[in-house]
Each structure stands twice: as C-alpha cells, then as structure tokens.
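Step one of this worksheet: look at the structure below.
Chain naming here is simple, since letters A, B, ... match the order of the sequence lines and numbering starts at 1 in each.
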2 protein chains.
Amino acid sequence: MTDHTHHEACTNCTHTHSLGVAQDIARKSGHRWSETRTQVYHTLLMVDKPVTAYELLDMVAEKYERDVKPASVYRSLDALIDLGIIAKIESANAFVACQNPECEHQHIFLVCDHCGQIDEISDHGINRQLLKQAAEQGFVARKQILELHGECKACHIEG
Amino acid sequence: MTDHTHHEACTNCTHTHSLGVAQDIARKSGHRWSETRTQVYHTLLMVDKPVTAYELLDMVAEKYERDVKPASVYRSLDALIDLGIIAKIESANAFVACQNPECEHQHIFLVCDHCGQIDEISDHGINRQLLKQAAEQGFVARKQILELHGECKACHIEG
DNA sequence: CTCCAAATGTTACTTTATAACACTTAATCT
DNA sequence: AGATTAAGTGTTATAAAGTAACATTTGGAG
C-alpha cells in the first residue's frame, strides 16, 4: 500500500485520488468543497454499492464519530450529484459513486436484486438512439434514468 | 356521448372499456377484482398523467365520498402494477395508467418537467438492445426502468 | 486578513410507504 | 342459491425518505 501524504488518510489509493479529482471538479464548477462532502463521498466510494441516505448517514456518523443530520447528508448528496460524481438509483432510493466521474453522465445501471451490487453499461449508442427517438416526438430530453433490474453474473451462476 | 349500461356510469367510453379489460386481465391472471381497484384505476385513467399515491387517495376520497386509507391505495396500486395496466414513474414517485395495457410491458416514458404530462416511446429495438448489452455482461434483466425527463413538444414551442 | 456567498447545524415537519391483525368479500364449488 | 375460503380490505400505528426555515459557521476569492 503506497504512502500518501497529500490528502487525509485512506488505505485505498483510488479513493484518495478520487477525492482529489472531486475537489477539482467542484472548484472548477464553482462549487465549494467541505468536510461533510468529503466524508459522504468517501463513504460512498468505500461501500461501492447503492446505499440509502439514511444508511449513509449511519456510516458517516460511525466512521467520523459525529452526529450528522439527514438534511446535511441530503445536501451533500445533492451537491455530489450536481458535480456528476455520484448518481441516484431512483428505483431503489439509493445513491452510488459513479465509476468514471470524469466522463459521460448518462448512466445505464444494472441493479442485481439478489446481492444489491451494481454495474454499468457503457453504450453511447443506446443513449443516442433514445435522444433521437424522443426528438422525433418533439421531446427535448435533458436527463435519462435507465435502470435494469435482474440478476448479476455471479448471482446467476450460483443459482 | 354513447349510453353504456354494462359497467358503472362513466362519461368516457374508453374508460368503461378499459375497466372491463382490466377486470378480464385480473381474472385471467388469478387476481380478484374489487371496488377499490376499480376506483383507483378509473381515477388514474381520468387524470391521464402521473399522480402520487396520496394525490390519488384524495381524488378517490372526494369522487367516491369515502375515507380511503394509504394502505388501501398502495395495495390497489401494487395489484394494478402486477396486472401491467399501470406503471410507477420511479423518478417522480408517481403512478400512471398504461397507454396500451394489452401489449408490451417495458415502457419508455417521456416526462415533461414543465407541464407534468407524460408520453411513451414505442421502440422494441431499444428494449432488445438493452437486454442484449446486459446479457453480454452476464446480467439477466427482468425489469427495465427507462424515464427521460425534459420538455414536451407543446411546452417547448410555447417557450 | 477581511468578507460574504455558500454551506452547515438544528429543529421541526412533510411526504412516501409498510406492518400487523381483525374483518369482509369475490369467486369457486357444490 | 348457500357454504367455503383465500384474497382483499379497514384500521391503527409506525417506518422510511426527504425538505423548510433560520441562525451560525466557513471556504476561498480579493
């Protein structure tokens, strides 16, 4: 495990990097960065699967030994969504860190109803086709929610 | 306005028809049909746009002069979803009657954030492509949530 | 170092949804 | 038509998800 001194202690290099990237994205887009946002985002990166706002609240409360309140968590979540570095899984009222924050913000989520894990499809073709179809009906699409529920590879094999 | 005696009074022929169809679908799939379900479904058909469970509750309460409770409404909604004749718009916590209950149950919804109206895209190609892409990652999809938010034709023109 | 819009802390509340259990009824079978 | 019974409803209470309002604090630009 490499030694990092440029950000707060984290046993995982990727996360430390992601936190730096997040901060940069925030600054560039005129948002501030803050302790709460760091903690919320870091926690989301660690769990690496969708969690509800209240689950997240409990995790942050325990990990950082603070009495964080729903409103604070929701505010951080809103900000992180604004930045495009996390996403809400609408069909689960849950939140998840994006796989590659630096590009493309129309997600296609694969939600395993068995283990709760999440995966993404990266197919711009589908996104494009959707926009096109919508446009043909005179609809200007601004945001796409696309979530497939089912069983992931691992769960399907195990039966 | 045509005279109908075969179902409870309704000023709209399509709805009377839909109620009959709904009842048939329910019976065929082993579900029962009931007064509450009739009222909930009928109300959804009338409003013809997404409404929340509690909005629906109020409408049913007023229209049928009864003191209907949340649990009852949610139970009816669950049943109607099971029958495939209504759908939940996950990103709005709202429910809407399906356009053609008798076929195809993977919807693509166009939700206008300006007027609240809803439209659907009928493109099996996209549905198929999604399943295919998911399958390539070993994911077996059972349910698809696909909602585009934006501005509908009418609202876009008006500016 | 100052400043102040942006963010947080806190309290209270609203909206959305479900659990549990007694009671009622739709539809099937005689 | 009347009995039967699983499916559905009524009711109470409560959980889960999300927001409003306002006083206080702070990140980061100048």
**Report entry** Heavy-atom side-chain contact between K49(B) and I118(B) under 4.5 Å
**Finding:** no
Query raised in the report: Between H31(B) (NE2) and dA6(D) (P), how many Å, whole number?
Result: 17 Å
Query - Side-chain touch I145(A)/E147(A), heavy atoms, less than 4.5 angstrom - result: yes
Report task. Could you state the atom-to-atom distance from CG of L77(A) to P of dA17(D) in whole Å? Result -> 13 Å
Query raised in the report: Which nucleotide in the set dG9(C), dA7(D), dG18(D) lies at the smallest distance from any side-chain heavy atom of K88(A)?
Result: dG18(D)
Query raised in the report: Is the closest side-chain heavy-atom distance between Y41(B) and L45(B) below 4.5 Å?
Result: yes
Query raised in the report: Hey, does A71(A) reach any base, or is it just sugar-phosphate, or nothing, if we go heavy atoms under 4.0 Å?
Result: base
Query raised in the report: Could a donor-acceptor pair under 3.5 angstrom be found where the side chain of R32(B) meets the base of dA6(D)?
Result: yes
Query - N or O in side chain of S72(A) less than 4.0 angstrom from dG9(C) OP1/OP2 - result: yes
**Report entry** Which atom of L57(A) lies closest to which atom of P70(A), heavy atoms considered
**Finding:** CD1-N, 3.4 Å
Query raised in the report: Is any side-chain nitrogen or oxygen of N93(A) closer than 4.0 Å to OP1 or OP2 of dT16(C)?
Result: no
Query raised in the report: To the nearest angstrom, how far is E90(A) atom CD from dA17(D) atom C1'?
Result: 12 Å
Requested in this report: Please determine if a side-chain N or O atom of Y74(B) lies less than 4.0 Å away from the OP1 or OP2 oxygen of dA17(C).
Outcome: yes
Query raised in the report: Quick one: is dA7(C) close enough that its OP1 or OP2 comes under 4.0 Å of any side-chain N or O from S34(A)?
Result: no
Query raised in the report: Between T36(B) and P70(B), who's closer to the 5' end of DNA chain D by nearest nucleotide?
Result: T36(B)
Query - Phosphate OP1/OP2 of dC13(C) contacted by K69(A) side-chain N/O (<4.0 Å) - result: no
Query raised in the report: Within less than 4.0 Å of OP1 or OP2 of dT18(C), is there a side-chain N or O belonging to R75(B)?
Result: no
Report task. Would you kindly give the CZ-to-P distance between R27(B) and dA6(D), to the nearest whole Å? Result -> 20 Å
Requested in this report: Verify the contact: side-chain N or O of R37(A) to OP1 or OP2 of dT8(C), cut-off strictly under 4.0 Å; return yes or no.
Outcome: yes
**Report entry** For atom NZ of K28(B) and atom C1' of dT28(C), their distance in whole Å
**Finding:** 19 Å
Requested in this report: Please check if Y74(A) and I89(A) belong to a single hydrophobic cluster, counting links between Ile, Leu, Val, Met, Phe, Trp and Tyr side chain heavy atoms closer than 4.5 Å.
Outcome: no
Report task. Nearest whole angstrom, please: distance from the P of dA7(D) to the CG of L83(B). Result -> 14 Å
Query raised in the report: For the pair made of OH in Y64(A) and P in dT8(C), what is the distance, rounded to whole Å?
Result: 14 Å
Report summary line: Of D78(B) and S76(A), the one whose nearest nucleotide on DNA chain C sits closer to the 5' end is S76(A)
Query raised in the report: Is there a donor on the side chain of Y54(B) or the base of dA17(C) sitting less than 3.5 Å from an acceptor on the other?
Result: yes
**Report entry** Candidates Q99(A), Q144(A), E120(A) - the one meeting side-chain hydrogen bond (donor to acceptor under 3.5 Å, both in side chains) with H107(A)
**Finding:** E120(A)
Query raised in the report: Between dA17(D) atom P and L56(A) atom CG, what is the distance in whole Å?
Result: 12 Å
